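Everything quoted here is computed from the prediction, not taken from an experiment. Here is how names work: the chains are called A, B, and so on, in the same order as the sequence lines, proteins then strands, and each is numbered from 1.
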Number of protein chains: 2
Amino acid sequence: MAALGVLDMASDRPVFQQIADQLRASISSGSIAAGERLPSEAVLMRHHGVARMTVRQALGVLKAEGLVVAEHGRGVFVRPRPVMRRLGSDRFARRHRRRGRAAFEADAKAAGQRPTVDQLHITRQRPPVDVAKVLGVGPDEEVLVRDRRYLLDGHPVELAVSYVPLDVAEGTPIRDPDSGPGGIYARMEDAGFTFRRFHEDVTARMPSPEETRRLDLPPGVPVLTLRRSAVEAGNRVLEVCDTVMAAHSFVLSYDLPAK
Amino acid sequence: MAALGVLDMASDRPVFQQIADQLRASISSGSIAAGERLPSEAVLMRHHGVARMTVRQALGVLKAEGLVVAEHGRGVFVRPRPVMRRLGSDRFARRHRRRGRAAFEADAKAAGQRPTVDQLHITRQRPPVDVAKVLGVGPDEEVLVRDRRYLLDGHPVELAVSYVPLDVAEGTPIRDPDSGPGGIYARMEDAGFTFRRFHEDVTARMPSPEETRRLDLPPGVPVLTLRRSAVEAGNRVLEVCDTVMAAHSFVLSYDLPAK
DNA sequence: CAGTGGTCTAGACCACGCG
DNA sequence: GCGTGGTCTAGACCACTGG
């Protein structure tokens, strides 16, 4: 088996890296398929004649790369390729809201998955300073904060926090846990607001421990972060939404007209 | 110092996690500022009365999160916040090409940085199967492949591989190392092609060892991957470009019209 | 040179899963 | 009960940085 090759003791490359290299090659060549178990630590120790810590260091490299996942008492497994979810750049199209579908719901339904929301908390708080700036509210002004978690088929995939100025939220059911069909954008349109455009800033980083917990992330999976601003016809920002997604569950998809 | 708190031996939380937690808190509270050195392994061992491997495991957690970087012989440092580069969704606007600027060049100049390209390889190859599908070429058909690395002020920030059908490349300088002012999109327009739109799929993951090397990535930094398809008026895909970026150096920025 | 992190050994006890 | 990975100890030698 390719995963159990020989070490080059003359090489400068550390032993644990050589072991990681061989295992990685076996994974990418498919000789250890997705979902399959790697040789156990004991087997790797005996085969290469090294200490356990050395083997564990090699496995640590692969975990950090997100290639494998350890399961206590069972073994170390090649991470199965997860189902990707695609966020189309038309997911904020008015027609979805007219049909009573919020963006997340529309995407999930399109992929044949069951969308749910939990950990919903609606509060009044002072937003982070950068959010206040975008919303054009004072540094000490409170806004409506909707914090929630999205799940697909029961698995958490996305955290989102929306910030809405109080005067925009006023007189709408945005403050209610159930914002109704089409989501809060639909409610804003009901109240007479018109959206001109949405702006999204995308970046990626490793998750915080709290994000790891709430998204049930395996080690080695980064998060995609997305900050969306919903801009009104008069160029006022009606909402800022900070989203954190498990990167292995998402593809963000954008169309850019060649103007 | 907050970084040198006390351990709760009664806690279920492993000792190395507790040490990592305390250091993380010190970093995010700013009591150890960006660029500053953490207490050395020896200090942490003495203070907490634990073995070296335990301290190293704690530091390993923070490295994996991308919060700190170890420098051999010097110490472990809080990772300084890197300069972010913003890719706007108008970066493929025709006006840039008319002014002789390719997308990367236009972005870099706007940020006051010096853009360069190296490791440029132009070959004819069979593309990956998924690329062939998008380009609408046969599975065994060769295409023109432009592989290159982009640098800002001498630091590598982005890897890109373009795939262009041979008949599109024919009669254009796309096959030359220097594609001329405005980049290969400008050359395609010179040859009479018209772009209707660009499509981008964005995702994130941990880098491969080769990407780590070519982008000179510190540990714990994920990559953003972007696959762009350039679509002609007749809906033919003229080019597929796979881009890999160091996530801590980029913000991708998109405008979505609220149609 | 002393101090730092990088690698590696050879053990120990524990918690989990599965039969 | 046995094999698995998770945590931890107490050392060792090395390579790099800086004064």
d([atom1], [X]; [atom2], [N]) in whole Å:
{"X": "A:Gln57", "N": "D:dG6", "atom1": "CD", "atom2": "C1'", "result": "16 Å"}
{"X": "B:Leu44", "N": "D:dC8", "atom1": "CG", "atom2": "C1'", "result": "16 Å"}
{"X": "A:Met9", "N": "C:dC8", "atom1": "CE", "atom2": "P", "result": "9 Å"}
{"X": "B:Arg13", "N": "D:dC8", "atom1": "CZ", "atom2": "P", "result": "11 Å"}
{"X": "B:Arg56", "N": "D:dT9", "atom1": "CZ", "atom2": "P", "result": "15 Å"}
{"X": "A:Arg37", "N": "D:dG3", "atom1": "CZ", "atom2": "P", "result": "12 Å"}
{"X": "B:Glu41", "N": "D:dC16", "atom1": "CD", "atom2": "P", "result": "17 Å"}
{"X": "A:Met45", "N": "D:dT4", "atom1": "CE", "atom2": "P", "result": "11 Å"}

- Task: Ignoring hydrogens and angles, tell me if any N or O in the side chain of B:Glu211 forms a donor-acceptor pair with the backbone of B:Ser208 under 3.5 Å.
- Result: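 Yes.
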[N] OP1/OP2 closer than 4.0 Å to side-chain N/O of [X]:
{"X": "B:Lys63", "N": "C:dG5", "answer": "no"}
{"X": "A:Thr54", "N": "C:dC8", "answer": "no"}
{"X": "B:Ser40", "N": "C:dG3", "answer": "no"}

Inspect the contact between [Y] and [X] and indicate whether a charged nitrogen and a carboxylate oxygen are less than 4.0 angstrom apart.
{"X": "A:Arg148", "Y": "A:Asp242", "result": "no"}
{"X": "B:Asp201", "Y": "B:Arg228", "result": "no"}
{"X": "A:Lys133", "Y": "A:Asp130", "result": "no"}

- Want to settle it: does B:Val76 or A:Val50 sit nearer the 5' end of DNA chain C, counting the closest nucleotide to each?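 The residue whose closest nucleotide sits nearer the 5' end is B:Val76.
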- Message: One character per nucleotide, please: for nucleotides 11-19 of chain C, 5' to 3', B when the base has a protein heavy atom closer than 4.0 Å, S when only the sugar-phosphate does, - otherwise.
- Response: -B--BBSS-
- Between A:Val131 and A:Val143, is any pair of side-chain heavy atoms under 4.5 Å apart?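 No, side chains not in contact.
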- Establish, from distance only, whether the side-chain atoms of A:Tyr163 and A:Gln125 form a donor-acceptor pair under 3.5 Å.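 Short answer, no.
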- Residue of the set B:Glu158, B:Arg205, B:His248, B:Met245 for which side-chain contact (heavy atoms from CB on, under 4.5 Å) holds with B:Leu224: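 Only one option passes, and that is B:Met245.
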